[in-house]
Amino acid sequence: MTVSFGHRRPMLSPSILNADFACLGSIVQDLERAGADALHLDVMDGRFVPNISFGIPIVSAVKRSTRLPLDVHLMIVEPERYLDAFAEAGATALTVHVEATVHLHRTVSAIKELGLLAGVALNPATPLAAIEEILPFVDLVLVMTVNPGFGGQTLIPAMLAKIARLRRTIDEARLPCLLSVDGGVKLSNLEAVVRAGADIVVTGSALFEDDASPGERLREFRQRLAAIGEHASPH
Ligand code: DX5
Ligand code: ZN
């Protein structure tokens with residue numbers, strides 16, 4: 001089985017973390033109609049991060065509501081214990097934190113053996129050197145631009161340089177891996193994130209902070225990306 005996120009660059013992967021979970025099915029469908037490329041699902045265990053969000057039943061409920069790829073971000077310790085369960089629930093990609101698993105190569109290999117895309121995520125304080133050896137084996141790298149645990153935080157500006165450095169490393173080595181950016185992305189900083197080199201832009205609270213539907217907000221992101229694309233050179 002070959003899985004992929006499709007070919008559009010950059011892609012938009014909305015996070016439902018700040019959604020009203022009583023209306024999850026209709027929100028997911030609204031985001032799909034608005035042109036989401038994937039859905040970003042933030043799983044938190046109250047140990048790796050100070051917050052608890054949701055787990056396997058919500059991932060499978062989202063899977064039943066949409067045909068979009070599911071971009072599952074595991075903010076949990078020892079994620080290797082749950083890979084089968086998230087695969088069974090319908091994940092397309094499983095992203096684990098390099099800080100949360102001791103045998104990262106084994107964990108990445110196990111994700112790929114399940115037929116899924118394998119991602120690694122880096123906290124803001126974790127240097128890019130931590131993924132130097134694993135980079136050729138992964139399908140995506142998720143650069144956290146906030147400390148994980150909560151939606152609605154402010155993007156740490158110093159992370160833009162980290163994204164740009166990773167972009168250069170990926171391009172120079174001609175690696176196929178996607179560069180995803182997660183945390184505090186708003187319309188106001190979208191251009192900076194894309195110009196730094198993001199292939200996948202995750203956005204959460206910006207879609208849920210007022211009365212507009214998340215789909216309407218996502219369309220604004222899509223329009224802004226189109227406007228940026230007319231001026232940006234491809235990376
Ligand atoms: C933070 C999560 C993010 C978050 C994004 O721990 O990993 O995916 O939901 O939400 P915003 O865009 O509000 O930072
Ligand atoms: Zn996330």
Side-chain angles (χ1 to χ4, degrees), residues 5 8-15 17-18 36-40 42 44 48-49 71 73-75 93 95-100 117 119-136 138-209 217-218 220-235:
F5 274 173
R8 181 147 58 176
R9 302 284 182 275
M11 288 180 261
L12 284 171
S13 187
S15 162
L17 185 63
N18 281 41
D37 296 286
L39 289 175
H40 184 89
D42 287 305
M44 303 182 182
F48 180 67
V49 290
D71 167 25
H73 179 190
L74 296 176
M75 285 163 277
T95 295
V96 299
H97 270 261
V98 304
E99 306 88 357
L117 300 176
V120 291
L122 295 166
N123 282 340
T126 303
L128 291 176
I131 54 166
E132 190 181 331
E133 304 298 334
I134 200 72
L135 206 49
V138 298
D139 301 296
L140 81 92
V141 177
L142 180 69
V143 176
M144 290 302 307
T145 40
V146 298
N147 288 291
F150 303 94
Q153 302 181 80
T154 302
L155 181 141
I156 301 166
M159 294 300 112
L160 292 171
K162 186 181 189 182
I163 296 164
R165 272 185 285 129
L166 177 58
R167 178 79 263 158
R168 277 198 298 278
T169 303
I170 291 171
D171 290 349
E172 281 167 17
R174 297 176 182 275
L175 295 171
C177 99
L178 296 166
L179 197 170
S180 181
V181 175
D182 184 11
V185 181
K186 312 272 174 204
L187 272 178
S188 57
N189 57 24
L190 182 62
E191 180 162 2
V193 166
V194 170
R195 286 188 187 277
D199 296 308
I200 301 175
V201 177
V202 177
T203 182
S205 56
L207 306 176
F208 294 97
E209 57 199 0
R217 289 281 170 253
L218 193 74
E220 293 172 0
F221 272 74
R222 176 62 62 207
Q223 284 159 9
R224 187 67 63 91
L225 283 181
I228 296 166
E230 285 166 16
H231 304 289
S233 56
H235 49 250

Consider only side-chain N and O atoms of N18 and S205, and report whether a donor and an acceptor are under 3.5 Å apart.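 On atom types as modelled, these side chains do not qualify, holding no pair under 3.5 Å.
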
Could you give the side-chain donor-acceptor pairs of residues 174-182 under 3.5 Å, partners two or more places apart or in another chain?
| unit_1 | atom_1 | unit_2 | atom_2 | d |
| --- | --- | --- | --- | --- |
| D182 | OD2 | H40 | NE2 | 3.2 |
| D182 | OD2 | H73 | ND1 | 3.2 |

Can you see which heavy atom on [X] is nearest to which on [Y], and at what distance?
X	Y	value
S13	I200	CB-CG2, 3.7 Å
R217	L207	CB-CD2, 3.7 Å
D42	S15	OD2-OG, 2.8 Å
M75	P148	SD-CB, 3.6 Å

Carboxylate-amine/guanidinium contact R224 E220, below 4.0 Å: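 Here R224 does not pair with E220 in a salt bridge, since their nearest N and O are not under 4.0 Å apart.
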
Provide the full list of side-chain hydrogen bond (donor to acceptor under 3.5 Å, both in side chains) pairs with a residue in residues 147-163, sequence neighbours left out, each pair given once.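 Qualifying pairs: none.
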
Who passes side chain to side chain contact (heavy atoms under 4.5 Å, CB included) against A93, sequence neighbours left out?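 By the side chain to side chain contact (heavy atoms under 4.5 Å, CB included) rule, A93 matches F5, L117, L140.
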
Just by modelled atom types, is the G183 backbone N or O under 3.5 Å from a matching donor or acceptor in the T145 side chain?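 At least one qualifying donor-acceptor pair exists.
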
Check whether R167 reaches the backbone of G197 with its side chain - one donor and one acceptor, N or O, closer than 3.5 Å.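 Yes, the answer is positive, given that a donor and an acceptor are paired below the 3.5 Å cut-off.
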
Can you name the side-chain hydrogen bond (donor to acceptor under 3.5 Å, both in side chains) partners of [X], sequence neighbours left out?
X	answer
D37	R8, R222
R168	none
T95	none
T126	E99

Could you work out, with ring pair (Phe, Tyr, Trp, His ring centres under 6.0 Å) as the rule, every residue matching F48, not counting sequence neighbours?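 F48 satisfies ring pair (Phe, Tyr, Trp, His ring centres under 6.0 Å) with H97 once adjacent residues are dropped.
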
